[in-house]
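First up is the structure itself, then whatever we jot down about it.
So that the names make sense, note that chain A is the first sequence line, chain B the second, and so on, each numbered from 1. What's counted below: heavy atoms across the whole structure, side chains too, no hydrogens, waters or symmetry copies.
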Amino acid sequence: MKVATWNVNSVRARLPRVVEWLTKTYPDVLCLQETKVEDVSFPHEEFHNLGYQTTIYGQRTYNGVAIISRTPVTDVVRGFGDEDPEARYIVGTVNGIRVASAYIPNGKAVGTDKFVYKLDWLARWRRWLSAHARADEPLALCGDYNIAPDDRDVYDPEGWKDQVLCHPDERAALALIKDWGVQDVFRNHHTEAGLYSWWDYRQLGFPKNRGLRIDYLLCTKSLSDRCIGAHVDREARKGKEPSDHAPVVAEFKD
DNA sequence: ATGGTAGTTTGACTA
């Protein structure tokens, strides 16, 4: 079973590239972030034509998440059941695995209200996991975390030190999520520095490989033990009109 | 020094 996560930065703007990538890669599940479209305008048909089902939680202009899957998704939950209006979290069961597509807030800059919202969002997620998920079942938390877990995941650790995406408070909040019972399956297969999933559009970020690894899959032990490989598909970041993120793919034994 | 590129939307905000 192949599970992928990709922040596409608008599913409508990226549709030709997403269709091409699905045709080439043929994952069982693709979690999308930043779809940036209301549910009534989601391009369902283009996915259905490829044999995929669409399970979505969208909003206009900002945010929006989706689970694209070859088989039906059941027991779908959208958001944390609180008053937060931002569409950043959807979870459902696919092929016996609980799969979440999460778009963690960016946080803008340390010390801003958006950074406070980011830390609060992570705390609410941690509480949601305690109340509504089980660490002893197969679960994959897929998404754009907007957190580089450690300095191996950063092209210029000194320059990024204590900045948003790398701040110790964010990394501590991520560690609390992991402590609940999930692990970064990419790191189980690759320990070296310099492997990134996002590159800024500006100032030749991708050609210069000035990137961060902020997209990943955190999996419970029973699922991590089935993971036989994980990689970032850098090819999908190349060429004309790419997303600023590359897809991350993990493969699991049945 | 708060730049730069992209998407949505058509001015300003988010990333």
Side-chain angles (χ1 to χ4, degrees), chain A residues 5-21 30-44 46 56-66 79 84-90 101-122 125 142-149 153-156 158-167 169-171 173-174 196-216 232-248:
Chain A
T5 184
W6 194 6
N7 179 325
V8 288
N9 186 18
S10 172
V11 71
R12 287 179 294 181
R14 215 63 59 210
L15 198 52
R17 295 195 58 129
V18 175
V19 165
E20 179 193 19
W21 189 83
L30 171 60
C31 294
L32 299 177
Q33 298 88 37
E34 281 205 270
T35 54
K36 294 187 172 181
V37 64
E38 288 177 290
D39 290 355
V40 291
S41 304
F42 192 94
H44 296 280
E46 288 83 349
I56 63 173
Y57 182 35
Q59 69 179 83
R60 59 167 267 164
T61 311
Y62 302 121
N63 310 315
V65 287
D84 191 337
E86 300 197 9
R88 294 180 175 276
Y89 189 68
I90 187 170
S101 181
Y103 177 43
I104 286 74
N106 171 280
K108 189 178 171 78
V110 177
T112 64
D113 56 349
K114 287 188 168 52
F115 191 75
V116 173
Y117 172 70
K118 181 181 197 173
L119 295 179
D120 179 67
W121 197 96
L122 289 161
W125 192 17
C142 310
D144 174 3
Y145 282 76
N146 272 314
I147 303 170
D153 305 307
V154 183
Y155 71 88
D156 174 17
E158 280 309 305
W160 279 90
K161 184 177 165 59
D162 295 339
Q163 302 296 308
V164 71
L165 311 186
C166 299
H167 192 274
D169 291 352
E170 301 166 64
R171 288 176 168 175
L174 177 64
Y196 310 131
S197 67
W198 170 85
W199 300 260
D200 200 303
Y201 283 125
R202 298 165 289 189
Q203 301 188 310
L204 302 173
F206 184 69
K208 293 179 174 176
N209 199 28
R210 297 165 69 88
L212 303 177
R213 193 177 69 91
I214 57 176
D215 304 87
Y216 32 93
V232 177
D233 187 357
R234 285 178 55 93
E235 295 301 312
R237 180 63 175 79
K238 298 178 181 175
K240 199 164 152 296
E241 297 183 354
S243 170
D244 46 350
H245 297 252
V248 180

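The pair A:Lys118-A:Glu170 meets the salt-bridge criterion, since a charged nitrogen lies less than 4.0 angstrom from a carboxylate oxygen. Using a 4.0 Å cut-off between charged side-chain N and carboxylate O, A:Lys238 and A:Glu235 make a salt bridge.
A straight line from NZ of A:Lys118 to P of B:dA15 spans 10 Å, rounded to a whole angstrom. The nearest whole Å value for the distance from the CZ atom in A:Arg210 to the P atom in B:dG4 is 16 Å. We find that CD of A:Glu86 is positioned 16 Å from P of B:dC13, with the value rounded to whole Å. For the pair A:Asn63 CG and B:dT8 P, the computed distance is 14 Å after rounding to whole Å. Protein atom CD of A:Gln203 is 14 Å distant from nucleotide atom P of B:dT2, rounded to whole Å. Atom CD of A:Glu241 and atom P of B:dA6 are 9 Å apart (whole Å). We find that CD of A:Glu34 is positioned 7 Å from P of B:dA15, with the value rounded to whole Å. Rounded to an integer number of Å, the gap from A:Arg14 CZ to B:dT5 P is 16 Å.
At B:dA15, none of the side-chain N or O atoms of A:Lys108 fall inside 4.0 Å of OP1 or OP2 (strictly under the cut-off). Contact check, A:Arg88 against B:dA15: a side-chain N or O comes under 4.0 Å of OP1 or OP2.
Residue contacts shown for A:Tyr103 are limited to sugar-phosphate atoms, with no base heavy atom under 4.0 Å away.
Distances from the side chain of A:Thr61 to the nucleotides B:dT8, B:dT5, B:dA15 place B:dT8 closest. For A:Arg202, whose side chain is taken as the heavy atoms from C-beta onward, the closest listed nucleotide among B:dG7, B:dT8, B:dT5 is B:dT5.
Paired with A:Leu212 under the rule side-chain contact (heavy atoms from CB on, under 4.5 Å), one option of A:Asp153, A:Leu165, A:Ile147 passes, and it is A:Leu165.
Rounded to a whole angstrom, the distance from the C1' atom of B:dA12 to that of B:dA1 is 22 Å. To the nearest whole angstrom, the two P atoms, one in B:dT14 and one in B:dT10, are 15 Å apart.
Annotation: A:Glu86, atom CD; neighbour count of heavy atoms from other residues, nucleotides and ligands within 6.0 Å is above 12.
Aromatic ring centres of A:Trp198 and A:Tyr145 lie farther apart than the 6.0 Å criterion allows.
Nearest-nucleotide positions on DNA chain B for A:Asp144 and A:Ala13 put A:Ala13 closer to the 5' end. Annotation: of the two residues near DNA chain B, A:His245 and A:Asp200, the 5′-most nearest-nucleotide partner is A:Asp200.
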